[in-house]
Amino acid sequence: MNEDPKVNLSGLPRDCIDAGAPENISAAVPSQGSVAESEPELVVNPWDIVLCSSGTLICCENAVVVLIIFHSPSLRAPMFLLIGSLALADLLAGLGLIINFVFAYLLQSEATKLVTIGLIVASFSASVCSLLAITVDRYLSLYYALTYHSERTVTFTYVMLVMLWGTSICLGLLPVMGWNCLRDESTCSVVRPLTKNNAAILSISFLFMFALMLQLYIQICKIVMRHAHQIALQHHFLATSHYVTTRKGVSTLALILGTFAACWMPFTLYSLIADYTYPSIYTYATLLPATYNSIINPVIYAFRNQEIQKALCLICCGCIPSSLSQRARSPSDV
């Protein structure tokens, strides 16, 4: 188990080629009277190609969301600021995956390893924190519906953004500032050069934020069901319709939370129990779904939003379809 290649997010793969093995050279060069030494060919790990492709798709999707929000002055409400923060974090995460691939095979050094892993840790941390901030914002918009659209809400949103990005940047700087395992491999986690303690802190922080999001979404479900029930009591003939609407809202929340857990939970739990001695294929298999969360986020949080759909239509074709302009917001739009 100890001889398996280590997963190194800023220098993958680490032991793909055994340049010093004579049998590898003799197999690659035909047997002749005088055999000239040849440099080993560059072998690309297929898992790295998949991660780089995932990063490219992440960049393309989230770049569209960032451009829409930046280009549209009407999208300056707290909710859109948080969606923009999420898209920017995912965009940087995708860029980090692409840079990791380039540095791993073209420019390997300790400095590039640390900078790349710092960027990936900071961006994915900001992505998860932005998801939590969006959940908090949705809860406040329902619980304090009458006072939500006030200057205090905008100020609170900016405070959340500063805190989440400040915390994420600090987490990303830890490997760069010396908290890494480049000098002592025995302290490495499943993702080199992160230490086991660093990975444990990130994993426990994720579990804490997931528990908080779960609690907030349970409260959101209760508020949505109560609102729909009150409307149904006022309009008896629409009771069935509002039952369907409530069920749709609960299903949407379950989809959001379920997708988040399915993407991140395998890698989080694996990081807690495993270390650098485990086969790298397990790390790849659990890390890849985590990157898919950044692919799904724009679909769930941005492209499903009616205002962002309108802005996208205005940018692309200069008009708003009647189906969007006439659609009313319902309790299920959470």
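Side chains included, hydrogens not; waters and symmetry mates left out as well; all remaining heavy atoms used.
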Chemist: Going from CG on N305 to CD1 on I300, what distance comes out if it is rounded to the nearest 0.5 angstrom?
Modeler: 13.5 Å

Chemist: Which pair of non-hydrogen atoms, one from L91 and one from C59, has the smallest distance, and what is that distance?
Modeler: CD1-O, 3.5 Å

Chemist: Taking side chain as C-beta onward, heavy atoms only, is Y276 less than 4.5 Å from S186?
Modeler: yes

Chemist: To the nearest 0.5 Å, tell me how far R76 CZ sits from F70 CZ.
Modeler: 7.5 Å

Chemist: How many angstroms lie between atom OG of S130 and atom OH of Y301, to the nearest 0.5 angstrom?
Modeler: 10.5 Å

Chemist: Any side-chain heavy atom of I69 within less than 4.5 Å of one from L81?
Modeler: no

Chemist: Can you find a pair of side-chain heavy atoms, one from L194 and one from N180, that are under 4.5 Å apart?
Modeler: no

Chemist: For a quick test of reading the model, state the closest non-hydrogen atom pair linking P78 to T157 and the distance between them.
Modeler: CB-OG1, 3.1 Å

Chemist: So does Y148 have more than 12 non-hydrogen atoms from other groups sitting under 6.0 Å from OH?
Modeler: yes

Chemist: I need the minimum non-hydrogen distance between L82 and A133, along with the two atoms involved.
Modeler: CD1-O, 3.6 Å

Chemist: Does the side chain of L51 come within less than 4.5 Å of Y284's, by heavy atoms?
Modeler: yes

Chemist: Quick one: are L107 and V102 in side-chain contact, heavy atoms under 4.5 Å?
Modeler: no

Chemist: Hey, is the main chain of L182 close enough, under 3.5 Å, to the side chain of E110 for a donor-acceptor pair?
Modeler: no

Chemist: Is a side-chain N or O of S168 found less than 3.5 angstrom from the main chain of A126, in a donor-acceptor match?
Modeler: yes

Chemist: Ignoring hydrogens and geometry beyond distance, is a side-chain donor-acceptor pair present between T268 and S203 at under 3.5 Å?
Modeler: no

Chemist: Who else is in the cluster with M163 when I, L, V, M, F, W and Y are joined by side-chain contacts under 4.5 Å?
Modeler: V159

Chemist: Rounded to the nearest 0.5 Å, what separation is found between the NZ atom of K310 and the CD1 atom of I315?
Modeler: 14.5 Å

Chemist: Quick one about N197 and T195 (side-chain donor to acceptor, distance below 3.5 Å, no hydrogens or angles considered), yes or no?
Modeler: no

Chemist: Just by distance, do the side chain of N62 and the backbone of S294 share a donor-acceptor pair under 3.5 Å?
Modeler: yes

Chemist: Do P289 and F267 have side chains that get closer than 4.5 Å, going by heavy atoms?
Modeler: no

Chemist: With side chain to side chain donor-acceptor pair (under 3.5 Å) as the criterion, how do T147 and S150 come out once you've worked through the C-alpha distance, each side chain's angles and the decisive distance to 0.1 Å?
Modeler: CA-CA 6 Å; T147 60; S150 63; 5.6 Å; no

Chemist: With a 4.5 Å heavy-atom cut-off, do Y292 and I295 have their side chains touching?
Modeler: yes

Chemist: Looking only at non-hydrogen atoms, find the nearest pair between R192 and C181 and report the distance.
Modeler: CG-SG, 4.0 Å

Chemist: Distance check, rounded to the nearest 0.5 Å: R152 atom CZ versus Y144 atom OH?
Modeler: 8.0 Å

Chemist: Ignoring hydrogens and geometry beyond distance, is a side-chain donor-acceptor pair present between T56 and S53 at under 3.5 Å?
Modeler: no

Chemist: Using modelled atom types and a 3.5 Å cut-off, is there a donor and acceptor pairing between side-chain atoms of T167 and backbone atoms of L164?
Modeler: no

Chemist: Quick one: does any side-chain atom of T187 pair with a main-chain N or O of D184 as donor and acceptor, under 3.5 Å?
Modeler: yes

Chemist: Any side-chain to backbone donor/acceptor pair from T259 onto L255? Under 3.5 Å, distance only.
Modeler: yes

Chemist: Using a side-chain heavy atom cutoff under 4.5 Å and only I, L, V, M, F, W and Y, what cluster partners does I169 have?
Modeler: L173, M177

Chemist: Among F210, Y270, F124, find the one that has a ring pair (Phe, Tyr, Trp, His ring centres under 6.0 Å) with W264.
Modeler: F124

